[in-house]
Participant: 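Starting off with a structure, shown below.
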Amino acid sequence: MVRYKKVCIENNPNFSVYYGTGKYFSAEQNSLLHYDTNLSISYMLHCSGNIKIEGKQYRIQSGDVVITNPGEIHCCSIDDGTYHERISICINKSILNNFCFDCEDFFDFFEQSEKGVGNIISSEIVSGFKLGNLISQIYLLSKNKNNKNKILAICKIIEFLDQLGKAATQYTLKLPSYPEENSTVSKAIEYVNKHFAEDINCTKIAEKLFLSKYRLEHLFTENVGIPLWDYVVIKRLMLVNKLIQEKHSAEEASYTAGFHNYSNFYRLYKKYFNMTPTEYKKLLKQ
């Protein structure tokens, strides 16, 4: 059996489709914590492993659908040496621009959902809502490339988003409660996502949660996989990119996002994105 390899089937400004198959070896796949700028959905045709999303860890199995919303920090760990097969679709909200009327409610559920909650749709619900069939159709339309199939794929993705939102709502209603430590980390994540652009630090966050700074930082790193302040920085940088997309200058965006020292911001931006804000602007134009 060949080793796991992921292939890009379709890549355009509206959506991308990937297919991966083979025997999975974690040391070669380099599964690091990361985040996506688009809505990302993976249909696990054959899978055995775990995924950590915004501090919560889930078991994933064959037939499950995994959703990661834009900006959700996550890391997928497939069981070593197992056969793995998946179809992944990354959807940009710009896909709605193909229609001449307002239809943003297709993304409402995903934009409004709590971070790290409702990300795994079990195989039973996937089957009930025929999500696997829809993803397979999108894959086949993207694989057989022509303008007609591209239009049909866009329409099928909109249908899929509608069904996925219904399925995710049903799944969320059945969510189990989380251990107290995870609950504490969830509260920290919720607080950071509301206040990261303000004048905050780890000590202030810990005080809000009635914990010592050391205890909170330990729990956060253990559950999320990165230090608390790194998480704050990433959220600020993500806001910077969003503001740059909206035609704000890099300096104005950095200040709005909570960076009050442009040199420090510039250094962090290059560290995390491996490019400068100016290079990112050029990339957007392309």
Participant: May I ask you to decide whether Asp79 forms a salt bridge with Arg59, counting only side-chain N to carboxylate O separations under 4.0 Å?
Facilitator: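 Salt bridge between Asp79 and Arg59, a charged N being under 4.0 Å from a carboxylate O: yes.
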Participant: Is it the case that more than 12 heavy atoms not belonging to Asn274 sit under 6.0 Å from its CG atom?
Facilitator: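 Incorrect, the count does not exceed 12.
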Participant: Can you list everything that forms a salt bridge (Lys or Arg N to Asp or Glu O under 4.0 Å) with Glu85? Sequence neighbours excluded, please.
Facilitator: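 None.
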Participant: What orientation do Tyr214 and His218 show, parallel under 30°, tilted 30 to 60°, or perpendicular over 60°?
Facilitator: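 Because their plane-to-plane angle is under 30°, the rings of Tyr214 and His218 count as parallel.
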Participant: Go through the side-chain N and O atoms of Asn69 and Glu111 and say whether any donor and acceptor fall under 3.5 Å apart.
Facilitator: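 Side chains of Asn69 and Glu111: no pair found under 3.5 Å.
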Participant: Report the residues that fulfil salt bridge (Lys or Arg N to Asp or Glu O under 4.0 Å) with Asp199, sequence neighbours left out, ordered by chain and then residue number.
Facilitator: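 If we apply the salt bridge (Lys or Arg N to Asp or Glu O under 4.0 Å) test to Asp199, skipping adjacent residues, the hits are Lys204.
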Participant: Is it true that Tyr18 and Tyr24 fall in one hydrophobic cluster, defined by side-chain heavy atoms closer than 4.5 Å?
Facilitator: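 No, Tyr18 does not connect to Tyr24 through the hydrophobic network.
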Participant: Run the side-chain hydrogen bond (donor to acceptor under 3.5 Å, both in side chains) test against Ser88 and tell me which residues pass, sequence neighbours left out.
Facilitator: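 In terms of side-chain hydrogen bond (donor to acceptor under 3.5 Å, both in side chains), with neighbours along the sequence ignored, Ser88 is linked to Ser42.
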Participant: Distance-only check: which donor-acceptor pairs under 3.5 Å involve side-chain atoms of residues 154-165, not counting sequence neighbours?
Facilitator:
from   : atom 1 : to     : atom 2 : distance (Å)
Lys156 : NZ     : Gln137 : OE1    : 3.1
Lys156 : NZ     : Glu159 : OE1    : 3.4
Asp162 : OD2    : Lys166 : NZ     : 3.4
Gln163 : NE2    : Phe129 : O      : 3.4

Participant: Under 30°, 30 to 60°, or over 60°: which ring-plane class applies to His84 and Tyr4, parallel, tilted or perpendicular?
Facilitator: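 Taking Tyr4 first and then His84, their aromatic rings sit tilted (interplane angle of 30° to 60°).
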Participant: Please, which pairs that meet side chain to side chain donor-acceptor pair (under 3.5 Å) have at least one residue in residues 242-255, sequence neighbours excluded?
Facilitator: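 Those involving residues 242-255 are Lys242-Glu246, Gln245-Tyr280, His248-Glu252.
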Participant: According to a hydrophobic-cluster definition based on side-chain heavy atoms being under 4.5 Å apart (Ile, Leu, Val, Met, Phe, Trp, Tyr only), do Tyr272 and Val224 belong together?
Facilitator: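 Yes, because Tyr272 and Val224 connect within a single hydrophobic cluster, where side-chain heavy atoms sit under 4.5 Å apart.
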Participant: With sequence neighbours excluded, what pairs up with Glu279 under the side chain to side chain contact (heavy atoms under 4.5 Å, CB included) test?
Facilitator: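 Listed in chain order: Met275, Thr276.
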Participant: Mark yes when over 12 heavy atoms from residues, nucleotides or ligands other than Asn147 sit less than 6.0 Å from its CG; otherwise mark no.
Facilitator: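 Count not over threshold, so no.
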Participant: With sequence neighbours left out, what residues match Lys213 under salt bridge (Lys or Arg N to Asp or Glu O under 4.0 Å)?
Facilitator: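 Lys213 satisfies salt bridge (Lys or Arg N to Asp or Glu O under 4.0 Å) with Glu217 once adjacent residues are dropped.
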Participant: With sequence neighbours excluded, tell me which residues meet ring-ring contact (aromatic ring centres under 6.0 Å, His included) with Tyr269.
Facilitator: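 Applying ring-ring contact (aromatic ring centres under 6.0 Å, His included) to Tyr269 gives Phe265, Phe273.
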Participant: Test: salt bridge (charged side-chain N to carboxylate O under 4.0 Å, His left out). Region: residues 125-149. Which pairs qualify, not counting sequence neighbours?
Facilitator: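 Residue pairs passing salt bridge (charged side-chain N to carboxylate O under 4.0 Å, His left out), neighbours aside: none found.
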Participant: Side-chain donor-acceptor pair under 3.5 Å between His34 and His74, yes or no?
Facilitator: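 His34 vs His74: donor-acceptor pair found between side chains.
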Participant: Take Val66 and Tyr58, measure what side-chain contact (heavy atoms from CB on, under 4.5 Å) needs, and give me the verdict at the end.
Facilitator: CA-CA 10 Å; Val66 179; Tyr58 301 95; over 6 Å; no
Participant: Using side-chain heavy atoms (C-beta onward) and a distance below 4.5 Å, is Cys47 in contact with Ile78?
Facilitator: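 Yes, at least one pair of side-chain atoms sits under 4.5 Å.
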Participant: With Ile41, which of Ile91, Thr68, Ile87, Ile121 fulfils side chain to side chain contact (heavy atoms under 4.5 Å, CB included)?
Facilitator: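 Among the candidates, only Ile91 passes.
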Participant: Quick check with a 6.0 Å cut-off and a 45 degree axis cone: is Arg86 positioned over the face of Tyr19's six-membered ring?
Facilitator: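 So Arg86 doesn't make the cation-pi contact.
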Participant: Answer with yes or no whether the hydrophobic clustering places Phe196 together with Ile189; edges join I, L, V, M, F, W, Y residues whose side-chain heavy atoms lie under 4.5 Å apart.
Facilitator: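 Yes.
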Participant: Ignoring hydrogens and geometry beyond distance, is a side-chain donor-acceptor pair present between Ser122 and Asp64 at under 3.5 Å?
Facilitator: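 No pair is found: no donor N or O on one side chain lies under 3.5 Å from an acceptor on the other.
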Participant: Quick one: hydrophobic cluster around Phe210, which other residues, with the 4.5 Å side-chain cut-off, linked directly or via members?
Facilitator: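 Traced through the cluster, Phe210 reaches no other member.
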Participant: Report the residues that fulfil salt bridge (Lys or Arg N to Asp or Glu O under 4.0 Å) with Lys115, sequence neighbours left out, ordered by chain and then residue number.
Facilitator: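 With neighbours one apart ignored, the set is empty.
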Participant: Return yes if a side-chain donor-acceptor contact under 3.5 Å exists between Asn149 and Asn144, otherwise no.
Facilitator: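 Asn149 vs Asn144: no donor-acceptor pair found between side chains.
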Participant: Take Lys187 and Glu114 through the salt bridge (charged side-chain N to carboxylate O under 4.0 Å, His left out) test and state the conclusion after the steps.
Facilitator: CA-CA 11 Å; Lys187 289 176 183 176; Glu114 181 184 344; over 6 Å; no
Participant: Any chain of hydrophobic side-chain contacts (each under 4.5 Å) joining Phe259 to Met238?
Facilitator: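 In one cluster: yes.
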Participant: Tell me yes or no: between the side chains of Ser77 and Asn50, is some donor less than 3.5 Å from an acceptor?
Facilitator: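 Checked: Ser77/Asn50 side chains show no N/O donor-acceptor pair below 3.5 Å.
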Participant: Only counting residues at least two apart or in another chain, list the ones meeting side-chain hydrogen bond (donor to acceptor under 3.5 Å, both in side chains) with Thr21.
Facilitator: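 Once residues adjacent in sequence are excluded, the partners of Thr21 under the side-chain hydrogen bond (donor to acceptor under 3.5 Å, both in side chains) criterion are Tyr83.
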Participant: Are Val2 and Lys23 side-chain neighbours, meaning at least one heavy-atom pair lies under 4.5 Å?
Facilitator: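 The answer is no, as the side chains (C-beta and beyond) never meet within the 4.5 Å cut-off.
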Participant: Within the side chain of Asn261, is there an N or O that forms a donor-acceptor pair under 3.5 Å with the backbone of Ser263?
Facilitator: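 Judged by distance alone, yes, a pair lies under 3.5 Å.
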